[in-house]
Amino acid sequence: MATVQIGGIAVGSNEPCFVIAEIGINHNGDVEIAKKLIDLARAAGCDAVKFQKRNPDLCVPENQKLVPRETPWGTMTYLEYKHRIELGRAAYDEIDEYCRRVGILWFASCWDLDSLGFMDAYNPPCYKIASACLTDDELLRHTCAKGLPVILSTGMSTVEEIDHAVEVMGLDDLILLHTVSTYPAQYEELNLRVIPFLRERYGVPVGYSGHETGIPASVGAFALGACAVERHITLDRAMWGTDQSASLGPSGITRLVRDIRLVEKALGDGVKQLHPKEVSIRAKLRRSEKEA
């Protein structure tokens, strides 16, 4: 199976796991919090950080725009709230410079065509399409037209919908992520065996985007063949925001990367052979062949 190159890093079945720290909107509209989250991802050993970019005027459903929302900044409409936490050009200029300075890749999931065009200024290594946008054919086509690798999350989607999205996008430079779009997801909902199913069905690299609490399932996803693992990160899971409780804090993301790298070593090459360190133990413990 072919690998996909993201910012000079090979992503595929026989490559090291590509670990994505999803900052998303956990910055709460504050670029300084965003920088602290970038630092956290870098210190933990993640390969990339990911943001979410929206034009709220386009993305917020009409029946939700005027719904009142209690926020740390007072009561406001849902549309006002989404604008309040959306980072603009100056903030992303700062994020772009900061990521380049500390040496970590960054990109964003673009939820509309305006946001897709917005990202052009930063020459991202790839684009991400969120599960909620999987059925937006126009966004799929315009994203693929950028000529960069695309990561597509498959949460809240039927197999038929994924089939259609893959048909629209084509298979070149495509990575699928198995996702269950519940927040936080319960372990019995995760269905990690879908990972090899997607890989066999579409013949492209398949990763995992997790919204569960804890790290065992994400490590298990890698052991099942996920070429990439994406998890939301936060400075504190008690912070205000819809995604904070389904995120990993500083110790969580650090342990996740550590455990994935340990499992990478443990998986080996799949060739059964006598390990050199076993020779002396074998001589001491095993009876002779005739005795055996």
Side-chain angles (χ1 to χ4, degrees), residues 20 22-31 33-34 37 49-93 95-96 106-122 124 126-146 148 150-158 161-162 164-165 168-169 176-177 179-185 209 211 230 232-234 239-247:
I20 305 164
E22 162 81 74
I23 292 174
I25 55 174
N26 280 354
H27 49 68
N28 283 338
D30 187 331
V31 72
I33 293 177
L37 289 166
V49 294
K50 187 186 80 68
F51 292 84
Q52 296 176 18
K53 184 59 183 157
R54 297 174 177 85
N55 178 340
D57 294 323
L58 297 176
C59 293
V60 176
E62 288 298 327
N63 64 353
Q64 295 293 311
K65 286 182 176 180
L66 299 181
V67 174
R69 180 76 181 265
E70 296 296 329
T71 79
W73 311 283
T75 303
M76 57 183 69
T77 68
Y78 187 60
L79 181 61
E80 289 171 333
Y81 155 68
K82 296 302 285 185
H83 276 292
R84 171 63 181 75
I85 64 169
E86 191 67 40
L87 297 175
R89 181 65 71 192
Y92 273 111
D93 286 349
I95 286 167
D96 182 57
W106 80 276
F107 55 97
S109 52
C110 300
W111 288 57
D112 55 80
L113 295 181
D114 280 4
S115 298
L116 186 62
F118 178 95
M119 284 298 298
D120 285 343
Y122 302 108
C126 64
Y127 284 96
K128 172 76 186 294
I129 296 175
S131 296
C133 301
L134 181 140
T135 56
D136 186 339
D137 287 5
E138 185 179 26
L139 182 62
L140 301 184
R141 292 191 182 96
H142 278 81
T143 302
C144 289
K146 299 291 183 182
L148 292 171
V150 178
I151 302 172
L152 173 66
S153 278
T154 60
M156 65 181 87
S157 303
T158 66
E161 287 170 335
I162 301 170
H164 178 73
V168 170
M169 300 175 71
L176 298 178
L177 298 187
T179 314
V180 176
S181 298
T182 55
Y183 300 83
S209 178
H211 304 123
E230 176 186 88
H232 285 259
I233 63 170
T234 180
M239 287 177 66
W240 190 89
T242 54
D243 293 337
Q244 308 285 0
S245 65
S247 302

Quiz item: Less than 4.0 Å between a side-chain N and a carboxylate O, is that true for Lys65 and Glu80?
Solution: no
Flag side-chain contact, heavy atom, 4.5 Å: [X] against [Y]:
X: Lys146; Y: Asp120; answer: yes
X: Lys128; Y: Val150; answer: no
X: Leu152; Y: Ile162; answer: no
X: Pro124; Y: Trp106; answer: no
X: Met156; Y: Leu134; answer: no
X: Val180; Y: His211; answer: no
X: Trp240; Y: Thr71; answer: yes
X: Glu22; Y: Phe51; answer: no

Quiz item: If we ignore angles and hydrogens, is there a donor and acceptor under 3.5 Å between the side chains of Thr234 and Gln244?
Solution: yes
Practice problem: Indicate whether the side chain of Thr75 and that of Glu70 have a donor and an acceptor atom separated by less than 3.5 Å. | Solution: yes
Practice problem: Please confirm whether Arg69 makes a cation-pi placement over Tyr81, using NZ or CZ under 6.0 Å from the six-membered ring centre and within 45° of the ring normal. | Solution: yes
Quiz item: When rounded to the nearest 0.5 angstrom, what is the spacing between CG in Leu177 and CD1 in Ile151?
Solution: 6.0 Å
Practice problem: Flag the pair Tyr92 / Phe118 as yes when their ring centroid distance falls below 6.0 Å, and as no otherwise. | Solution: yes
